Amino acid sequence: MIYLDNAATTAPCPEAVDAMDAALRQTWGNPSSVHAAGLAARTLLTDARAAVARSLGVRRETEGHILFTGCGTEADSLAVRGAVYAKRRPEKNGSRGVILTTDSEHPAVEEAMRLLEADGFTVCRVPTRGGALDLDFVRAHAAGVILASFMLVNNESGALYDVRGAFDAVHAASPDAVTHTDAVQAFGKVRISPAVLGADLLSVSAHKIGGPKGVGALYVSAATLRAKRLSPILPGGGQEEGFRSGTENVPGIAGFAAACRRLTAHFTEDAAAIAAVRARLLDGIAPLGSAVRVNLPAVPTDAIFSLTVPGIRSETLLNFFSARGICVSAGSACAARARHVSRAMLAFGLTEDEADSTIRVSLAPQNTAADADAFCAALADACATLQRKERRG
Ligand code: PLP
């Protein structure tokens, strides 16, 4: 199998598997218990928090805290809904407050925004045409903002958004606005620092970096905690400093921490490996000329790109690749009857037809030159056979 769908999920790294195995066998205590078994689990969590923080460039606890969640989606929801509901917000001019986000967020943020809209908040979506955050739009809508949530790397186009510039623009007009970035796809692909980004809140997910599924984390800056600008969305026993009740997934967190330690130790060589495979892919695609268009954003990240193959539905392409043992994903998800065209790629500037003929290739450090060559050969085959068939049809 040639796996080029690493933005969907990554294979767990051996370090994560070993750490999870050890935690399941040896550190199975409840971290909230006061006895020795509980203390061992609590110690594991403390070490894991430090490992996740370090992988995010957070060196000191005085800068901020890591809260473990059940996934990246939950970290996003805790950030967005937790920040908005932390204060009582009476209605003014028919709105409970203005929230800025982008028009190409992952559903984890977009669907939380829709709930907030239904609850009386005004949500302004910043255009991301060509894969760039429209900073003029941000400036024009920056007054009275209570929360700005902009993803760092788009999960479909691979665009790296100028989140720092956008947060600066928001703060110039609304100094009290809480800032959040969904860094789930940026994690492991670009060097992240919440302080450099100006992010009060930042979400990540373990399974995008060689950790297990079902574990995420939210970085919360110390200033945000001090000013009580985050409220829990899952009440209960008060775990994770009261922000996320529920007994922690200790083995999952152990695997997450191991993946973070691996990432911190190998970031530079991982990035070089990904860049080399990407370059080989783009070199291999180039001879196909206008039969294939790579949708390059303003500032791309090496690990994710999307390509449009005019005249071939992405579903047909996925099946074609799948028959050759190659896993990629669609820029659009096609349900049996309804046609759901990718919001992110429409926001990028593609037409519905183009978005419906778009696939995403996403890389991890283990991908090889041979993977790239196999993909390019299959793509050339697809163009030669399927495009001709479409034309005849
Ligand atoms: N945010 C982005 C940008 C993502 O790509 C994903 C997952 O694909 C998520 C959030 C959700 O993460 P999880 O699968 O851990 O819930």
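All heavy atoms count here, side chains included; hydrogens, waters and symmetry mates do not. Keep in mind that what you see is a predicted model, and the values were worked out from it rather than measured. Whatever order the structure lists them in is the order used to number ligands and atoms, beginning at 1.
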Protein residue, atom and distance nearest to atom 13 (P) of ligand 1, heavy-atom basis
G72 N, 3.5 Å
I need the contact type for H207 against ligand 1. Using non-hydrogen atoms and a strict under-4.0 Å cut-off, is it side chain, backbone, both or neither?
side chain
Could you name each residue pair satisfying ring pair (Phe, Tyr, Trp, His ring centres under 6.0 Å) that touches residues 202-227, not counting sequence neighbours?
none
Tell me if the centroids of the rings in H141 and F137 come within less than 6.0 Å of each other.
yes
Could you tell me whether C71 and ligand 1 have an N or O pair separated by under 3.5 Å?
no
Presence of salt bridge, R114 and E117, under 4.0 angstrom:
no
Rounded to the nearest 0.5 Å, how far apart are CG of L234 and OG1 of T69?
10.5 Å
for atom 15 (O) of ligand 1, nearest protein heavy atom and its distance come out as S205 OG, 2.6 Å
Under 4.0 Å between heavy atoms, the region of M151 that gets near ligand 1 turns out to be side chain
Rounded to the nearest 0.5 Å, how far does OG1 of T27 lie from CE of M20?
12.5 Å
Per-atom contacts of ligand 1 with D76, taking only distances under 4.0 Å to non-hydrogen atoms
1 (N), 10 (C)
Mind checking whether K208 contacts ligand 1 via backbone (N, CA, C, O), side chain (CB onward), both or neither, at a 4.0 Å heavy-atom cut-off?
side chain
For atom 4 (C) of ligand 1, what is the nearest protein heavy atom, given as residue, atom name and distance?
H106 CD2, 3.2 Å
All salt bridge (Lys or Arg N to Asp or Glu O under 4.0 Å) counterparts of E241, not counting sequence neighbours:
none
Would you mind checking if R261 and E15 are paired as a salt bridge, meaning a charged N to carboxylate O distance below 4.0 Å?
no
Polar contact flag for N155 and ligand 1 (N/O pairs, less than 3.5 Å)
no
Please report the interatomic distance CG(L202) to OG1(T179), rounded to the nearest 0.5 Å.
9.5 Å
Would you call R139-D136 a salt bridge at under 4.0 Å N-O?
yes
among protein heavy atoms, the one nearest atom 11 (C) of ligand 1 is T73 OG1, 3.4 Å
Side chain, backbone, both or neither: N154 near ligand 1, heavy atoms under 4.0 Å
neither
Shortest protein heavy-atom distance from atom 5 (O) of ligand 1, along with the residue and atom involved:
Q185 NE2, 2.8 Å
Protein contact of atom 3 (C) of ligand 1 - nearest heavy atom, named by residue and atom, plus distance:
D182 OD2, 3.5 Å
